[in-house]
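Working notes for the structure below.
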Protein chains: 2
Amino acid sequence: MTVSTGRRERKKAATRQKIADTALRLFLERGYEAVGIRDVAAEADVAVTTVFAHFASKEALVFEQDENFEQRLARAVTGREPGEPLIPALRREIEALVRHCSAAEALPIWRMIDETPALQEYEQSMRLRHAEALAAAIAADPDLARTTTECRTIARFAVDAYSLAREAADPDAALDEIFRMVEAAWAATVRPGETVADQAVASR
Amino acid sequence: MTVSTGRRERKKAATRQKIADTALRLFLERGYEAVGIRDVAAEADVAVTTVFAHFASKEALVFEQDENFEQRLARAVTGREPGEPLIPALRREIEALVRHCSAAEALPIWRMIDETPALQEYEQSMRLRHAEALAAAIAADPDLARTTTECRTIARFAVDAYSLAREAADPDAALDEIFRMVEAAWAATVRPGETVADQAVASR
DNA sequence: TTAGGAAACACTAACCGTTAGTGCTACGGT
DNA sequence: ACCGTAGCACTAACGGTTAGTGTTTCCTAA
């Protein structure tokens with residue numbers, strides 16, 4: 001458990017980065033399907049097995065940096081201001097994520113993803129994992145006493161919002177419409193006879 | 001465009017059915033991953049290429065009969081009683097679909113699906129396609145004047161409901177909770193100043 | 001009835017993602 | 001300085017999938 005920032009780890013990280021950069025460059029140059037793992041390995045000057053030592057699959061090469069997506073969603077819930085209602089906090093984070101994907105630099109990548117079925121499937125799997133993590137974070141919040149099903153449902157709705165907004169022509173407008181619906185869905189989970197604490201503190 | 005029920009089509013259908021039956025049997029006997037396409041082809045006494053002439057992928061062998069899922073969802077919208085509100089109609093259909101999956105006969109199959117990542121990914125892809133089809137059906141209904149985003153959103157929510165209910169310990173109770181949320185989300189799409197025709201006719 | 005043509009199917013051989021097995025090398029902890 | 005191990009290479013293979021090619025079968029139109 002030593003925190004050594006040794007040459008070893010630096011080299012490993014460098015190799016990983018080199019592979020990821022090479023892969024992304026080749027994918028964008030020639031198209032995802034037209035580039036084989038063997039091409040990537042050769043161009044990055046590593047063995048095929050080394051590629052798979054760093055990345056679980058070919059698709060993972062594309063989503064290299066989006067590993068923190070899951071943590072960001074969960075932290076938007078666990079790390080929000082005390083008393084701040086859930087949905088606005090979620091929305092703020094998702095808005096940031098959508099903007100991040102819509103950045104000019106990331107656009108060709110997302111175009112490639114939208115054109116490649118294998119990458120879309122992979123992204124859906126990621127989203128499902130993210131939804132599960134988000135549901136766990138929501139369920140763990142003592143301020144939000146909801147059933148497991150309700151937590152899982154609102155988590156799904158939230159990642160749906162991300163996905164739908166990213167595909168929309170006008171992401172900001174889409175987020176408005178979608179979160180009006182998400183907010184209503186969440187409000188409907190409050191049992192009659194319970195305090196509406198989560199809602200009451202609202203109004204920013 | 002002849003509707004001939006010729007020998008040819010019967011033979012084709014028979015071959016297809018034989019392949020699907022053989023595959024499902026082998027999968028359940030030995031496990032999905034332990035059975036190769038070559039095994040299925042040999043056992044069904046056809047060539048490997050013939051298998052792929054009938055099914056687009058190995059996973060498609062498992063979901064052979066669920067092709068009509070998409071049509072059922074869309075028809076639940078387009079074919080509902082005039083004046084019947086959208087959400088109850090959707091719920092009725094989804095409830096039926098969930099029950100269909102929970103039938104004793106289908107249980108081992110779903111156990112296999114839940115245990116196999118490749119099958120789960122495939123099913124997610126299917127669900128996304130179904131959501132798109134459902135969104136199109138909702139958008140095409142003149143009684144429901146909603147934006148494209150709202151239609152796509154509620155369609156996603158509906159297939160989420162199916163997915164979540166199927167995984168829940170008590171599907172019926174889960175459907176209650178989830179559809180309370182879906183109903184609220186849909187109600188939130190009504191613009192202030194518009195008639196609430198869709199809601200007003202409700203009550204049964 | 002028959003000729004034409006297309007669809008279904010078979011077979012071979014390969015491509016591609018992925019993994020197992022094996023071993024070498026270089027670095028870090030002691 | 002030494003040893004353990006992590007990183008990496010290499011070969012070979014497995015399993016899903018497809019291309020190319022040829023053959024049989026059977027619908028259809030003359």
Check: Strictly by modelled atom types, are A:Thr116 and A:Glu33 linked by a side-chain donor-acceptor pair under 3.5 Å?
Finding: no
Check: Rounded to whole angstrom units, what separation is found between the CZ atom of B:Arg30 and the P atom of D:dG15?
Finding: 12 Å
Item checked: Out of D:dG16, D:dC10, C:dT18, whichever nucleotide has its closest atom nearest the side chain of B:Lys58 -> D:dG16
Checklist line | Lys/Arg N to Asp/Glu carboxylate O, B:Glu95 vs B:Arg91, below 4.0 Å | finding: yes
Notebook entry, point to check: For the pair made of CG in B:Asp39 and C1' in D:dG15, what is the distance, rounded to whole Å?
Noted result: 10 Å
Notebook entry, point to check: Parallel under 30°, tilted from 30 to 60°, perpendicular over 60°: which one fits the rings of A:Phe157 and B:Phe157?
Noted result: parallel
Item checked: Audit row: A:Arg127, A:Glu132, salt bridge (Lys or Arg N to Asp or Glu O under 4.0 Å) steps and yes/no -> CA-CA 9 Å; A:Arg127 279 208 304 266; A:Glu132 290 303 324; over 6 Å; no
Notebook entry, point to check: Can you check the A:Arg10 CZ to D:dG7 P distance for me, whole Å?
Noted result: 14 Å
Notebook entry, point to check: Quick one: A:Glu121 CD to C:dG17 P, roughly how many Å, whole number?
Noted result: 15 Å
Margin query: Taking any heavy-atom pair under 4.0 Å as a contact, classify A:Val35: base, sugar-phosphate, or nothing.
Written below: sugar-phosphate
Margin query: From CD1 of B:Ile37 over to P of C:dA14, roughly how many Å is that when rounded to an integer?
Written below: 21 Å
Note to self: Assess, by modelled atom type and distance only, whether the side chains of A:Glu177 and B:Thr153 contain a donor and an acceptor separated by less than 3.5 Å.
What the structure shows: no
Next item on the list: Remember a base hit wins even if backbone is also touched, and classify A:Asp45 as base, sugar-phosphate or nothing at under 4.0 Å, heavy atoms.
Entry: sugar-phosphate
Next item on the list: Select one nucleotide: of C:dC9, C:dA10, D:dG16, the one nearest the side-chain heavy atoms of B:Thr15.
Entry: C:dC9
Next item on the list: Hey, can you tell me if A:Phe69 and A:His130 have their rings parallel, tilted or perpendicular (30° and 60° cut-offs)?
Entry: parallel
Margin query: Using whole Å, what does the distance between atom C1' of nucleotide C:dG17 and atom CD of A:Glu33 come to?
Written below: 12 Å
Margin query: With each end axis built from five pairs of C1' atoms, what bend angle do you get for the helix from C:dT1-D:dA30 to C:dT30-D:dA1? Round to 10°.
Written below: 30°
Next item on the list: Starting from the C-alpha separation in whole Å, work towards a yes-or-no answer on salt bridge (Lys or Arg N to Asp or Glu O under 4.0 Å) for A:Asp114 and A:Arg166.
Entry: CA-CA 11 Å; A:Asp114 289 338; A:Arg166 201 178 57 67; 3.8 Å; yes
Note to self: Output the rounded distance in Å from CG (B:Leu61) to P (D:dT17).
What the structure shows: 9 Å
Margin query: Please tell me if A:Lys11 has a side-chain N or O lying less than 4.0 Å from either OP1 or OP2 of C:dA26.
Written below: no
Note to self: Rounded to whole Å, please give me the gap between NZ in B:Lys12 and P in D:dT25.
What the structure shows: 18 Å
Note to self: Check this for me: does any side-chain nitrogen of one of B:Arg152 and A:Glu167 sit under 4.0 Å from a carboxylate oxygen of the other?
What the structure shows: yes
Notebook entry, point to check: Is the Lys NZ or Arg CZ of A:Lys58 less than 6.0 Å from the centre of A:Tyr32's six-membered ring, within 45° of the axis?
Noted result: yes
Next item on the list: Mind listing the residues from residues 48-57 of chain A sitting with a heavy atom below 4.0 Å of DNA chain D? Number order is fine.
Entry: A:Thr49, A:Thr50, A:His54
